[in-house]
Each structure stands twice: as structure tokens, then as C-alpha cells.
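Predicted, not measured: the structure shown is a model, and the values here were computed from it. Only heavy atoms go into these numbers, but all of them, side chains included; no hydrogens, no water, no symmetry mates.
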Amino acid sequence: MRRHKGDPQTEQRWVVVDCETSGLDPEHDELLSIGAVGVRVLGATAEIIAGDSFEVLVRPLRTSDDDNVLVHGIGRAAQQSGQDPAVALTDFSAWVDGAPLIAFHAPFDRAFIQRACGRAKVAPPPRNWLDLAQLAPALWPERRARALDDWLAAFELSAPGRHSAPGDALATALLLALMLPVAQRQGAQGIEALRRTANAMRWIQQP
């Protein structure tokens, strides 16, 4: 696949990512799993690539308490059987292979992955992510949706395995595919233009 990053008319591979964690604080909580899916992007068209996916359980230093297990659904035995973080994160970075990274609430996923990479002494994937939680309200400012579930419901999108890292990555990829034609009509085509649009919404939303 051609990967020229500067030309939105060149076919590219992007990667949509979601993480499950033991809490909301990347400085103290643990990365538990990564789910991701490859997307073939050409202009305003995004196609989820069959067979191009990644899923791994990451063994934490400390397993979650019972209340947290109810949130993410990854039991203590599964956590303890997860891959060594250095192996899991090395495999993930190799699979990403320099592709642009996309997530819903991207700073959250990026912070957990980067901290885990730092602890495991593994080079993290690229730092420049696209946040669909910022891009969506920039494209549809009239909508009141906030959470990923809200946006999926607004456009009647559904994906199997929701509220797991792979399921949420797939759902986010479906939302991305819906966004690209709208973004193109509004003058934002290509990963850099989408990032600028999303970043502009982030500054607008700040108090």
C-alpha cells in the first residue's frame, strides 16, 4: 500500500485505537488492553481492512479491584495472563508501522500507551494523534452528542463487542468512515487538515 503522508489523494493506511485501563489517571492506573484496526483511506473514503487488526492483553503491575473489573470486564486471571508489557508494546508499535493514529478521546489512549512504553523502555508509536472526540463536534456543531455512544446512536451505527478495546476501536473506525466525506465537504481532507480542524475545536471549547 502506498503511504505518502502529504497527499490526501494517495491511498494510505491509518490505525484506529482503543485502550482498556484500570482507571482514568495514566500516572497511577494501568494499561490493560489495546485493540486496534487498520483503515484504508483514499481521499474521503475509509475502508476497514479485513484481517488488519491488533488485540493484546497487557499484564499490569497491579491487578484491578472488583469494582473496576465490572467496568472493563477483564478479570484478574485474564490480567495476570496478559503479555509482558515490553513484548506487547513492541508488537503494537511494529504493527502500527508509523501509520497515523486515531482514537475517540485520543489524549487518554495516547497517555496510557506512552507511559506504558516509558516504563517498559519501548519506543512509543508516533505522538501526533487525531482525536475524533474533537473532530466530531467541529463537523456537526449543532449536535449535543459527547460520548462515543452518543455519536454512534446519532448516526445509528453499531459494532459487535462494544465496551471492549477491539469493539470500541471498530466502532470508532465506523465513525471515522462517516466523518471523512463530511470533512471533505467542509474543506478538510487528509490527516493534517483533520488534525487542524480538531485542534481548532479544542481551543474553542476551552474556558
Subject >> L132/W151 under side chain to side chain contact (heavy atoms under 4.5 Å, CB included): CA gap, chis, key distance, verdict >> reply: CA-CA 10 Å; L132 297 195; W151 287 105; over 6 Å; no

Original post:
For the atom pair CG (L42) and CD (E11), what is the distance rounded to the nearest 0.5 Å?
Top reply: 6.0 Å

Original post:
When hydrophobic residues are tied together by side-chain contacts of less than 4.5 Å, even through go-betweens, does L57 share a cluster with F54?
Top reply: no

Original post:
Who pairs with W14 by side chain to side chain donor-acceptor pair (under 3.5 Å), at least two apart in sequence or on another chain?
Top reply: Q12

Original post:
Is L152 close to S158 at the side-chain level, that is, under 4.5 Å between some pair of heavy atoms?
Top reply: no

Subject >> Exercise: identify the closest heavy-atom pair between L180 and A44 >> reply: CB-O, 3.4 Å

Original post:
According to the side-chain hydrogen bond (donor to acceptor under 3.5 Å, both in side chains) rule, which pairs have a member within residues 164-178, sequence neighbours left out?
Top reply: R162-D168

Original post:
If you group Ile, Leu, Val, Met, Phe, Trp and Tyr by side-chain heavy-atom gaps below 4.5 Å, do V122 and L61 land in one group?
Top reply: no

Original post:
Taking only residues two or more places apart in sequence, or in another chain, which ones meet Q80 in a side chain to side chain donor-acceptor pair (under 3.5 Å)?
Top reply: none

Original post:
Can you find a pair of side-chain heavy atoms, one from L32 and one from V58, that are under 4.5 Å apart?
Top reply: no

Subject >> E142 atom CD, over 12 foreign heavy atoms within 6.0 Å >> reply: yes

**OP:** Only counting residues at least two apart or in another chain, list the ones meeting salt bridge (Lys or Arg N to Asp or Glu O under 4.0 Å) with D150.
**Re:** none

**OP:** Output the distance between atom CG (D109) and atom OG1 (T21), rounded to the nearest 0.5 Å.
**Re:** 8.5 Å

Subject >> Closest heavy-atom pair and its distance - A46, V39 >> reply: CB-CG1, 3.6 Å

Original post:
Measuring from W129:CH2 to I102:CD1, what's the distance to the nearest 0.5 Å?
Top reply: 9.5 Å

**OP:** Would you mind reporting whether R195 and P100 have side-chain heavy atoms less than 4.5 Å apart?
**Re:** yes

Original post:
Of all heavy-atom pairs between L135 and M179, which one has the smallest distance, and what is that distance?
Top reply: CD2-SD, 3.8 Å

Original post:
Are L175 and F104 close enough, and set up right, to give a side chain to side chain contact (heavy atoms under 4.5 Å, CB included), and what steps lead you there?
Top reply: CA-CA 10 Å; L175 184 61; F104 196 91; 4.2 Å; yes

**OP:** Go through the steps for I74 and E20 under the test side chain to side chain contact (heavy atoms under 4.5 Å, CB included), then give the verdict.
**Re:** CA-CA 9 Å; I74 304 172; E20 293 293 333; 3.9 Å; yes

Subject >> Donor-acceptor contact present, side-chain S81 to main-chain A78, <3.5 Å >> reply: yes

Original post:
Among pairs that include at least one residue of residues 30-39, which meet side-chain hydrogen bond (donor to acceptor under 3.5 Å, both in side chains), considering only residues two or more places apart or in two chains?
Top reply: E30-R62, E30-R119

Original post:
Hey, what do you get for CG (D149) to CG (L157), rounding to the nearest 0.5 Å?
Top reply: 11.5 Å

**OP:** Grab the two heavy atoms, one from F92 and one from I113, that are nearest each other, plus how far apart they are.
**Re:** CE2-CD1, 4.0 Å

Subject >> Verdict with reasoning, R196 to N199, per side chain to side chain contact (heavy atoms under 4.5 Å, CB included) >> reply: CA-CA 5 Å; R196 288 193 296 270; N199 288 338; 5.8 Å; no

**OP:** Output the distance between atom CD (E192) and atom CG (L130), rounded to the nearest 0.5 Å.
**Re:** 9.5 Å

Subject >> N/O donor-acceptor pair under 3.5 Å between R110 side chain and L101 backbone >> reply: no

Original post:
Nearest heavy-atom pair of C117 and P124: which atoms, and what distance?
Top reply: SG-CA, 3.8 Å

**OP:** Return the set of residues passing side chain to side chain donor-acceptor pair (under 3.5 Å) with D131 (not counting sequence neighbours), or none when no residue passes.
**Re:** none

**OP:** Please report the closest heavy-atom contact between Q79 and S64, naming both atoms and the distance.
**Re:** OE1-N, 3.0 Å

Subject >> R115 side-chain N/O to E27 backbone N/O, donor-acceptor pair under 3.5 Å >> reply: yes

**OP:** Starting from the C-alpha separation in whole Å, work towards a yes-or-no answer on side chain to side chain donor-acceptor pair (under 3.5 Å) for W95 and D52.
**Re:** CA-CA 9 Å; W95 177 82; D52 187 12; 3.1 Å; yes

Original post:
Does the ring centre of W140 sit less than 6.0 Å away from the ring centre of F155?
Top reply: yes

Original post:
Is a side-chain donor or acceptor of D29 paired with a backbone partner of L24 at a separation under 3.5 angstrom?
Top reply: yes

**OP:** Any chance you could measure F108, atom CZ, to D25, atom CG, to the nearest 0.5 Å?
**Re:** 9.5 Å

Original post:
Under a single-linkage definition using a 4.5 Å side-chain heavy-atom cutoff for Ile, Leu, Val, Met, Phe, Trp and Tyr, are V56 and V87 assigned to the same hydrophobic cluster?
Top reply: no

